[in-house]
Amino acid sequence: MTHNKTAGKTRRQIYEDRLRRRALLIAGSSSVAVFLAIVLLVPMAPGWDRVKVSFFNWEVFVKTFPKLLEAFKLDVAIFLWCAPAITVLGLLIALARDTRNPALFPLRILGAAYTDIFRGVPVVLTVYLIGFGIPGLGLPRPWNSPYIWGSLALILTYAAYVAEIFRSGIESVHSSQRAAAQSLGLSDADTMRFVILPQAIRRVIPSQMNMFIALQKDVALLSFIGPVEIFRQAGVFKSLLANFTPYVGAAMIFLAVTIPATRYADYLIAKQNRERS
């Protein structure tokens, strides 16, 4: 059997297979050792009983988890209406910063100022300033809604990061592509639309996936200005039941969404690296 498995392989391939099996064995053994250490040692800590009751109370978990899931629908809804707006605004800012037309130089300055400001201010501070500041103007309903202005804060902040990712993708396309397009008679706008952008967008998809994973988590920051999404709902349950288990339930819901998305982003990055090599 061993002879059949190694037949047709070079010495180098056999050696690499052996190293791979050894690495997998070491990784598996160390992972099991760490898991057993956590399972065995953590319950031996002096305060474990109090922590277990406060953070891992099964009765509280069963009671609050369905309502946390219901509240999470609002997080998903906010994400779904913010993500397209972020993508469009980020792309427009990236295009403004990349413009080569001297007459549009002010757009480059404004784009650079925009990204500097909104990448420099913490997200939570932007949420506070916009979420409390604009409704404080005394606008009529529904324009005083924290849902609108909290979402706007997320859109403005994340568009700055997305714009920089798009810009890095645009700049990664070799200048010879522009020269070739212009030699074929394409205008600057058509060159960007048909030659540069398709390549740039394809290259930055994995990075943009990671940004939108972060956005899904930061939707919880809107709880500070009023919307009863999952983080705020968990806080309500914590106050009513004097127990932190609802926060653990909320964390599990976020992980159920973000872990598959993160693994998919890693898959896209690995696939992209394979294509380049």
- [ ] Identify whether the distance between the nearest side-chain nitrogen and carboxylate oxygen of Glu164 and Arg167 falls below 4.0 Å.
- [x] yes
Task: Among Ile86, Leu92, Leu91, side chain to side chain contact (heavy atoms under 4.5 Å, CB included) partner for Val88 - done: Leu92
Open item on the list: Does this structure show an ion pair linking Lys52 with Asp49, if we count only N-O contacts that are shorter than 4.0 Å?
Closed with: no
- [ ] Could you pull out the closest heavy-atom pair between Ala96 and Arg108, with the gap in Å?
- [x] O-CG, 3.2 Å
Open item on the list: Hydrophobic clustering (ILVMFWY, side-chain heavy atoms < 4.5 Å, transitive) - are Ile14 and Leu25 grouped together?
Closed with: no
Task: Centroid-centroid under 6.0 Å between Phe254 and Phe72 rings - done: yes
Atom pairs and distances, side-chain donor-acceptor, residues 209-220, under 3.5 Å, sequence neighbours left out:
from, atom 1, to, atom 2, distance (Å)
Asp218, OD2, Tyr158, OH, 2.4

Task: Enclosure of Arg193 CZ (heavy-atom neighbours >12, cutoff 6.0 Å) - done: no
Open item on the list: Grouping I, L, V, M, F, W and Y whenever their side-chain heavy atoms are under 4.5 Å apart, do Leu137 and Trp149 come out in a common cluster?
Closed with: yes
Task: Which residues share a side chain to side chain contact (heavy atoms under 4.5 Å, CB included) with Asp17, sequence neighbours left out - done: Lys9, Arg20, Arg21
- [ ] May I ask you to decide if the ring planes of Phe55 and Phe244 are parallel, tilted or perpendicular, using 30° and 60° as cut-offs?
- [x] parallel
Open item on the list: Any side-chain to backbone donor/acceptor pair from Ser29 onto Ile26? Under 3.5 Å, distance only.
Closed with: no
TODO: Would you confirm whether Thr245, through its side chain, and Asn57, through its main-chain N or O, come within 3.5 Å as a donor-acceptor pair?
DONE: yes
Open item on the list: Rounded at 0.5 Å granularity, tell me how far OH in Tyr161 sits from CD1 in Ile165.
Closed with: 10.5 Å
Open item on the list: Around atom CH2 of Trp81, are there more than 12 heavy atoms from other residues, nucleotides or ligands closer than 6.0 Å?
Closed with: yes
Open item on the list: If I compare all heavy atoms of Glu229 with all of Ser223, which pair ends up nearest, and what's the gap?
Closed with: OE2-CB, 2.9 Å
Open item on the list: Lys271: which residues meet the side chain to side chain contact (heavy atoms under 4.5 Å, CB included) condition with it, sequence neighbours left out?
Closed with: Tyr267, Arg274, Glu275
Open item on the list: Has Tyr247 got a side-chain atom pairing as donor or acceptor with Ala234's backbone, closer than 3.5 angstrom?
Closed with: no
TODO: Could you tell me whether Phe194 atom CZ has more than 12 heavy atoms of other residues or ligands within 6.0 Å of it?
DONE: yes
